[in-house]
Amino acid sequence: MPELPEVETVARGLDQRIRGDVIESVWLTDKPQLYRKQKPAEIAATLEGAKVAGVRRVAKHVVFDLDKPKSEHAQWIVHLGMTGNLLVVDPQRELKKHTHVIAKLKSGRELRFVDPRRFGKLSLHTGFEGPGTEPLTIGVEDFVELFRGRKLAIKAALLNQSLLHGVGNIYADEALFRAGIRPTRRAGTLKREELKKLRAGLIRVLNEAIAAGGTSINDYRDAEGAEGLFEIKLRAYGRTGEPCLRCKTPIKRIVVGGRSTHYCPRCQR
DNA sequence: ACTATGTCCTGCGAGC
DNA sequence: TGCTCGCAGGACATAG
């Protein structure tokens, strides 16, 4: 599932490959779930003829900064959802099932968006910022302030994109493991020192994952559609029943905020 | 203003 | 072998 490190990897890969290229024509699916803000016709009209000034990540979104005389500062925003993939391929390449976007590039290649589960979203923006704060640059004071007075479980708070950008189910579990904090703790009850540890653990695991090119568990592919790269060693997520890497106690699985949650009942209090 | 829960969607693995 | 069923979860809608 694409979280911050995976989206970062995808965006960097795309920036490297298509920056400066021009979108000559676009085909967009009419599946309505992909569109919340604009209709496909409007998106297509904006994309066609636009030069890709750059590709970057904001929150869990891939942002294409477009350079186009008639719509200045236009941005194409792609959310990968659970299973979204952005591929840059030769036009001869076999068309995958669930392809929702085909953009023909001046260089002769095609940018394609494939998303079987259709949790992804396509939209247009200008000056896109996202609803919350980027975890890699937030300071300790602001981090502590995010959770003050909140009654929901810290795990659920970490997943809230209006607070922190880009943390999903995997890295939430991993950050809490590294910080030794039980996912069910009410966010507002965490001590300043605990939140400092949580911030440090989160930043560490996110940076490790970015350095490894994303954790490729299920549906994630990099910008070239290649399987895998490296995988970081997960210490909690998906390790139900397996021994804690620190104390050997079996990792427990519970549900928090409607999401599967993994933790060590001994190390995380 | 918060928080909790249901919903969308397909592929895959478990179980029979 | 082939089928059904349940689960996976990001973000939003809705309810409390």
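Order of the sequence lines sets the chain letters (A, B, ...), proteins ahead of strands, with each chain counted from 1.
- With rounding to whole Å, A/Q161 atom CD is found 17 Å from B/dC2 atom P.
- Closest approach to the A/R150 side chain among C/dG10, B/dT3, C/dA13 is made by B/dT3 (side chain taken as heavy atoms from C-beta onward).
- Nearer to the 5' terminus of DNA chain B, by closest-nucleotide assignment, is the contact made by A/K151 (compared with the other of A/K151 and A/K97).
- Within the 4.0 angstrom heavy-atom criterion, only backbone atoms of the sugar-phosphate kind lie near A/R253; the bases stay farther away.
- Stacking between A/F119 and C/dG10 is present: the aromatic ring centre lies within less than 5.5 angstrom of the base six-membered ring centre, and the two planes differ by under 30 degrees.
- Counting to the nearest Å, the P atom of C/dG10 and the CG atom of A/D115 are 13 Å from each other.
- Inspection of the A/R109 and A/S107 side chains reveals an N or O donor paired with an N or O acceptor under 3.5 Å.
- Counting only N and O atoms by type, the side chains of A/D115 and A/H100 include no donor and acceptor under 3.5 Å apart.
- The side chain of A/R117 sits closest to C/dG9 out of C/dG9, C/dA13, B/dC2.
- In summary, A/E174 and A/R178 engage in a salt bridge, as defined by a charged side-chain N under 4.0 Å from a carboxylate O.
- A donor and an acceptor atom, one from each side chain of A/Q75 and A/H125, are nowhere located under 3.5 Å apart.
- Side-chain N/O atoms of A/H98 include none lying less than 4.0 angstrom from OP1 or OP2 on B/dT10.
- Among the protein residues, A/K121 comes within range of no part of the nucleic acid, since none of its heavy atoms lies under 4.0 Å from any strand.
- Within the structure, every side-chain polar atom (N or O) of A/Q33 is placed at least 4.0 Å from both OP1 and OP2 of B/dC8.
- Between A/Y237 and the phosphate of C/dG9, there is a side-chain N or O to OP1/OP2 separation shorter than 4.0 Å.
- Whole-Å rounding puts the A/K155 NZ to B/dA4 C1' distance at 15 Å.
- Rounded to whole Å, the distance from CG on A/N160 to P on C/dC12 is 10 Å.
- Between A/T83 and B/dT10, a side-chain N or O to OP1/OP2 separation shorter than 4.0 Å is absent.
- Judged by closest nucleotide on DNA chain B, A/A153 is the one of A/R259 and A/A153 placed further toward the 5' end.
- Regarding A/L158, its CG atom lies at a distance of 15 Å from the P atom of C/dG9, rounded to whole Å.
- Using a cutoff of 4.0 Å between basic side-chain nitrogens and carboxylate oxygens, A/E141 and A/R192 are scored as salt-bridged.
- Taking atom CD1 of residue A/I154 and atom P of nucleotide B/dA4, one finds them 13 Å apart after rounding to whole Å.
- Note: CZ (A/R148) to C1' (B/dA1) measures 17 Å, nearest angstrom.
- Atom-to-atom, CG of A/L159 to C1' of C/dG9 comes out at 10 Å; the value is rounded to the nearest Å.
- Counting non-hydrogen atoms under 4.0 angstrom, A/R118 reaches the backbone sugars and phosphates but no base.
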